[in-house]
There are 2 protein chains.
Amino acid sequence: MAGPAHPYGLYREFDRELGRVWRIGQASLYARMKRAEEEGLATVEVAETEGAPDRRVHRITAAGKERFLAWMGGPSERVRDIRLEFLSRLYFFRRLGLDGLEDAVSLQKSALASRIAALESGIAGAARSRDEYWRLVLEFRRSEAKAVVAWLDVCIATNGRKV
Amino acid sequence: MAGPAHPYGLYREFDRELGRVWRIGQASLYARMKRAEEEGLATVEVAETEGAPDRRVHRITAAGKERFLAWMGGPSERVRDIRLEFLSRLYFFRRLGLDGLEDAVSLQKSALASRIAALESGIAGAARSRDEYWRLVLEFRRSEAKAVVAWLDVCIATNGRKV
DNA sequence: TGGCGGCTATTCACGATGTGAATAGCCCAT
DNA sequence: ATGGGCTATTCACATCGTGAATAGCCGCCA
């Protein structure tokens with residue numbers, strides 16, 4: 001996405017930057033990139049180097065770009081995935097200088113809004129049926145979801161300030 | 001802990017109740033109970049039944065009880081684990097009629113308090129060094145941690161009301 | 001000059017973990 | 001009598017991540 005890359009180099013970069021959020025092992029990144037190739041999301045070309053082992057240089061395909069951008073734009077379905085996914089998206093938005101962060105934020109916020117609405121109806125139901133435990137569980141989830149919404153607002157504000 | 005149990009029966013119970021929080025497959029529960037036996041946390045006795053296959057009845061040992069109670073009391077180190085762990089603890093506190101929930105809550109709260117303090121010093125540092133991304137990441141984590149603290153207060157209040 | 005440590009780059013073998021399906025006997029309904 | 005469903009356990013397999021192995025080349029220091 002930011003030009004051709006080989007796993008080793010990408011790992012060095014990620015380990016310093018994205019690695020603070022999304023810890024990924026070297027061998028794991030190799031496996032993912034190999035899989036991306038098998039799925040036709042990237043093409044691989046072996047490039048010779050001077051005084052170093054050959055590199056398996058990966059180039060993203062149209063299908064790969066599409067998949068990546070869909071992932072960048074789309075909201076995370078599960079609240080617990082936002083921690084990893086949205087913070088990673090944020091990293092890529094900044095790293096690649098992409099725009100559309102505002103859209104991604106609003107999409108995620110509206111996904112969270114319906115999630116919260118569902119949780120609140122569940123909470124009301126649990127309260128009605130005196131299911132204290134279930135009510136607490138749902139309140140936990142609502143609390144988390146609301147915290148993410150509040151953070152997304154901070155996120156937009158910060159980004160707006162920068163632009 | 002609530003008397004002897006065999007995996008199949010325990011699964012039926014968990015699947016209905018705890019399963020709403022901690023989804024665990026049947027084969028997975030079997031594996032865990034087998035491992036508990038291997039680690040000396042439970043003893044197993046094969047019991048014959050009338051018109052049904054034999055049961056591998058598990059009985060918790062002293063070591064197992066100790067381990068379980070330590071887990072019940074101790075806070076989750078990572079905020080993201082609280083979702084699963086603390087809600088499971090809450091389930092067992094209620095299911096087994098144990099007391100000590102207040103202690104577990106305060107322990108978790110103080111663990112979160114130091115976590116939040118560390119995050120805030122990190123946020124200040126990131127702000128100083130103009131590392132916007134890292135600041136947002138840390139603010140995300142603080143936001144989550146604070147939401148859990150707020151929920152823990154609700155949790156205590158609810159439980160207090162019941163007693 | 002010789003060899004040792006460290007860097008680039010990739011691969012491999014393994015362990016943990018979870019899941020669907022297989023197995024097998026028994027009961028009940030049609 | 002027989003097919004479906006329940007109790008109960010096990011198996012084989014896919015996924016996923018990790019540490020270590022491999023291998024060539026470079027620079028450093030004795």
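Per chain, numbering begins at 1; letters A, B, ... match sequence-line order. In this text, all values refer to a predicted model and were calculated from it rather than measured experimentally.
B/Lys109 meets the side chain to side chain contact (heavy atoms under 4.5 Å, CB included) test with B/Val105, B/Val149, B/Leu152, B/Asp153; sequence neighbours excluded.
Protein atom OH of B/Tyr11 is 11 Å distant from nucleotide atom C1' of C/dT19, rounded to whole Å. Between the P atom of C/dC26 and the CD atom of B/Glu50 lies a distance of 13 Å, rounded to the nearest Å.
Between A/Arg89 and A/Glu85 there is a salt bridge, with a side-chain nitrogen of the basic residue lying less than 4.0 Å from a carboxylate oxygen of the acidic one.
Membership of the apolar cluster around B/Tyr30 extends to B/Tyr8, as traced through chained side-chain contacts below 4.5 Å between ILVMFWY residues.
Between B/Phe68 and B/Phe92, the distance from one ring center to the other falls under 6.0 angstrom.
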Would you give a per-nucleotide map of nucleotides 8-21 of chain D, 5' to 3', where B means the base has a protein non-hydrogen atom under 4.0 Å away, S means only the sugar-phosphate does, and - means neither?
BBBB-----SBB--
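Taking the side chain as every heavy atom from C-beta outward, A/Leu41 and A/Ile60 never approach each other to under 4.5 Å.
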